[in-house]
Amino acid sequence: MNVSDSELMLGKLTASGYDAVDGPEGADVILVNTCAIRDNAEQRVIGRLGELRRFMGRDTILGVTGCMAQRLGPKLLETDSRVSLVVGPDAYRALPQLIDGARNGERFTATDFDLEEHYEDFQARRFDGVKAWIPVQRGCDYRCTYCIVPYTRGSERSRQLADVVRETEEVVAQGLTEVVLLGQTVNSYNDGTSDFGALLRAVGAVPGIRRVRYTSPHPNDFSDSVIRAMAEVPTVCEHVHLPMQSGSSRTLKRMLRRYSREDYLACVDRLRAAIPGLTITTDIIVGFPGETDDEFEETLSAVREVGFDDAFMFKFSMRDGTPAQRLPAELTVPDAVVDERFERLKDLVRGIARDKNMRRLGERREVLIEKEARKGDGLLQARSRDFKTVIVPGDLSMIGTYLHVELTGTTGSTFTGAPVAERAALPMA
Ligand code: 5AD
Ligand code: SF4
C-alpha cells in the first residue's frame with residue numbers, strides 16, 4: 001500500500017512539473033513515505049531522516065508522508081527542525097501547494113481524513129514495469145486491538161468498480177499483464193453496487209490481463225461470491241495471503257480478530273476445496289499480551305494443520321493509542337519469552353515450507369519474469385501463479401515475459417527452474 005501511495009505521490013508531483021531523481025543527492029525535495037505498523041518501522045524512518053541530512057542543501061525541502069506522519073503530526077515538526085512537511089495518507093492532493101509553501105519557509109502538517117479521497121485523477125507513476133499495484137479500498141473498519149492502521153488510514157472506503165477497471169485497462173496499455181488489488185481488508189470491498197467477487201470478475205476479464213492477485217483479505221469477508229469468483233476467473237491466481245495472526249481462539253479474542261481458530265481453519269478448507277493447487281501464506285504475531293505457553297502452542301499446531309507455504313512473522317509491538325494499551329500491564333509477555341517463541345515459530349514455518357517445496361520438485365509452472373536475480377550472472381527472478389519464486393536462466397530482455405519451466409531445485413524457500421516446451425506444461429501451469 002505504501003509503494004502504491006508513493007507511486008500516486010510521484011505521479012501527482014510529475015504532473016506538477018517535478019521530475020524524479022535516482023537518489024537523494026541534489027534533490028530539491030525529499031519525501032520519506034512511512035509506515036507506523038511496528039515501532040521498528042518508525043525507528044528506521046528516524047534513522048533515515050538523520051542520514052538524509054548530509055544530502056540536503058540549505059533550500060532542500062524534507063517532508064514526511066504516510067502513516068507515521070499521520071500518527072505523529074506536528075510532533076514530527078517539533079522533533080526534527082529540518083522537516084518542513086508532515087502529510088498523512090489522505091492529504092497527498094495538497095502536496096504541490098505544500099511544497100511551494102515550504103519553499104517560502106513555511107512548515108505544515110496536513111493530516112485531515114477525507115473519506116471521499118481516492119486520488120482518482122492522479123496518474124500513478126509506477127516503479128515496477130511488470131506488475132501494477134492497484135488500490136481498490138482505503139482505510140479499515142476493523143479494530144484489531146494491536147493495530148494502528150484504523151487510526152492512521154481512517155475508515156474503510158471502496159473505489160468505484162468502473163475506475164478500477166479503467167486503471168487496469170491503462171496498465172495493460174502500458175504493457176503490464178499482472179495486477180495486485182490492494183486494500184486493508186480487500187475482500188470486504190463494496191462500492192455500493194459491486195462486491196469483491198464482482199470486482200475480481202471485472203478486473204480478471206480486462207483484455208490483456210493474465211494475472212490478478214490481491215492483498216490482504218480478512219477471513220470473515222470470504223463470502224461464497226468471492227470464493228466462487230476466485231475459483232472461476234482463470235486470471236485470478238491460485239494463491240491467497242490470509243493473515244491468521246494467532247492459532248489460539250483466546251488470543252484471537254483479545255486481538256478482536258472476530259474469528260476463532262476453528263473459523264480460520266474452516267475458511268482455509270473452503271478456499272482449498274474451491275481452488276485446486278491453492279497456496280496459502282499468512283501473517284502471525286508472536287507475544288501478544290496475555291499469550292500463554294498453551295496459546296502459543298495452539299499457534300504452532302494451527303501452522304502445522306494448515307501447512308502454510310510461507311509466513312511473515314512479527315513480534316508484537318505496542319502502538320500508542322491502540323486498544324491493546326488498555327490491557328493490564330501484567331499481561332505483557334517478557335522479551336526473552338517472545339524471542340524464544342519467535343525462533344520456534346520461524347523454525348517450524350521454514351521447515352514446513354521446505355518440506356512442501358521439496359515435494360514440488362519436478363512439477364511444471366508458468367512463470368512471469370520479474371527482474372534480474374540478486375546473484376545477477378545471467379539469472380532472472382520469476383514468479384509462478386501460486387507465488388513461488390523461481391530463478392531461471394536468461395537475459396534482461398525477457399523481463400515481463402512468461403516462460404514454462406520445470407522446478408529443478410529448491411533452497412527450501414525459492415526454486416530453480418529449467419525452461420520446458422509450453423504444450424507439456426500441465427497439469428499445474
Ligand atoms: N505488532 C506486531 N505486528 C503487527 N502487525 C500489525 N500490527 C502489529 C503490531 N502492533 C502485523 C500483522 C499484520 C501485518 C501487516 O503486520 O500481522 O497482518
Ligand atoms: Fe489492522 Fe485489523 Fe484493519 Fe488489518 S483488519 S488493518 S490488522 S485493524
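Ligands are counted one by one from 1 in listed order, and the atoms in each one are counted from 1 as well. We count residues from 1, following the sequence as given.
Atom numbering of ligand 2 starts at 1 in the shown order; those under 4.0 Å from a heavy atom of V149 are 6 (S). Of all atoms in ligand 2, listed by their number and element, those nearer than 4.0 Å to a heavy atom of T185 are 5 (S). Of all atoms in ligand 2, numbered sequentially from 1 with element shown, those under 4.0 Å from a heavy atom of C140 are 3 (Fe), 5 (S), 6 (S), 8 (S). Less than 4.0 angstrom separates some heavy atom of Y142 from each of these atoms of ligand 2: 3 (Fe), 5 (S), 8 (S). In summary, the atoms of ligand 2 found under 4.0 Å from a heavy atom of Q184, numbered by their order in the structure, are 6 (S). Within ligand 2, the atoms closer than 4.0 Å to a non-hydrogen atom of R257 are 2 (Fe), 5 (S), 7 (S), numbered from 1 in the order shown.
From the protein, the heavy atom lying nearest to atom 7 (N) of ligand 1 is Y146 CD1, 3.3 Å. Remark: minimum distance from atom 16 (O) of ligand 1 to any protein heavy atom is reached at R38 NH1, 3.0 Å. Looking only at protein heavy atoms, the nearest one to atom 6 (C) of ligand 1 is I37 CG1, 3.3 Å. Protein heavy atom at the shortest distance from atom 9 (C) of ligand 1 is S317 O, 3.6 Å. Regarding atom 1 (Fe) of ligand 2, its nearest protein heavy-atom neighbour is C147 SG, 2.3 Å. Nearest protein heavy-atom neighbour of atom 12 (C) of ligand 1: Q245 OE1, 3.4 Å. Atom 2 (C) of ligand 1 has its closest protein heavy atom at K315 O, 3.4 Å. Atom 7 (S) of ligand 2 has Y146 OH, 3.3 Å as its closest protein atom, hydrogens excluded (heavy atom only).
Not a single N, O or S atom of H218, from either the backbone or the side chain, sits less than 2.8 Å from atom 2 (Fe) of ligand 2. Distances from atom 3 (Fe) of ligand 2 show that C144 has no N/O/S atom below 2.8 Å.
With a 4.0 Å cut-off on non-hydrogen atoms, I285 touches ligand 1 through its side chain and not its backbone. Residue contacts with ligand 2, taken as heavy atom pairs separated by less than 4.0 Å, involve P150 solely via side-chain atoms from C-beta onward. Proximity of F314 to ligand 1, defined as any heavy-atom pair under 4.0 Å, is confined to the side chain (atoms from C-beta onward).
Counting heavy atoms from C-beta outward, R341 and L300 have side chains that stay 4.5 Å or more apart. Looking only at side-chain heavy atoms (C-beta outward), C144 and L256 stay at 4.5 Å or farther from each other. Within the 4.5 Å cutoff, the side chain of V367 has no heavy atoms near those of the R383 side chain.
Look at E169 and R166 and you find no salt bridge, because none of the NZ, NE, NH1 or NH2 atoms lies under 4.0 Å from a carboxylate O. Between D309 and K388 a salt bridge is recorded (basic side-chain N to carboxylate O distance below 4.0 Å). Note on E295 versus R250: salt bridge recorded, some NZ/NE/NH1/NH2 to OD/OE distance being below 4.0 Å.
S317 contributes a side-chain N or O that, together with a main-chain N or O of D39, makes up a donor-acceptor pair within less than 3.5 Å. Listed for the Q137 side chain is a donor-acceptor partner under 3.5 Å among the backbone atoms of T185. At least one donor-acceptor pair under 3.5 Å links the side chain of R107 to the backbone N or O of V83. Remark: the backbone N or O of L252 is not paired with any side-chain donor or acceptor of R261 at under 3.5 angstrom. Between the side chain of Q160 and the main chain of D191, a donor-acceptor pair closer than 3.5 Å is present.
Within the set V286, D283, V149, the minimum heavy-atom distance to atom 18 (O) of ligand 1 is found for D283.
For Q245, the heavy-atom gap to ligand 2 stays at 4.0 angstrom or more. At a 4.0 Å cut-off, not a single heavy atom of M318 sits close enough to ligand 1 to count as contact.
Inspection of the D294 and T292 side chains reveals no N or O donor paired with an N or O acceptor under 3.5 Å. There is no side-chain donor-acceptor pair under 3.5 Å between Q245 and D283.
A side chain to side chain donor-acceptor pair (under 3.5 Å) with H241 is found for one member of T281, T279, T215 and no other, namely T281.
Close N/O approach between R319 and ligand 1 is not found [any backbone or side-chain N/O within under 3.5 Å].
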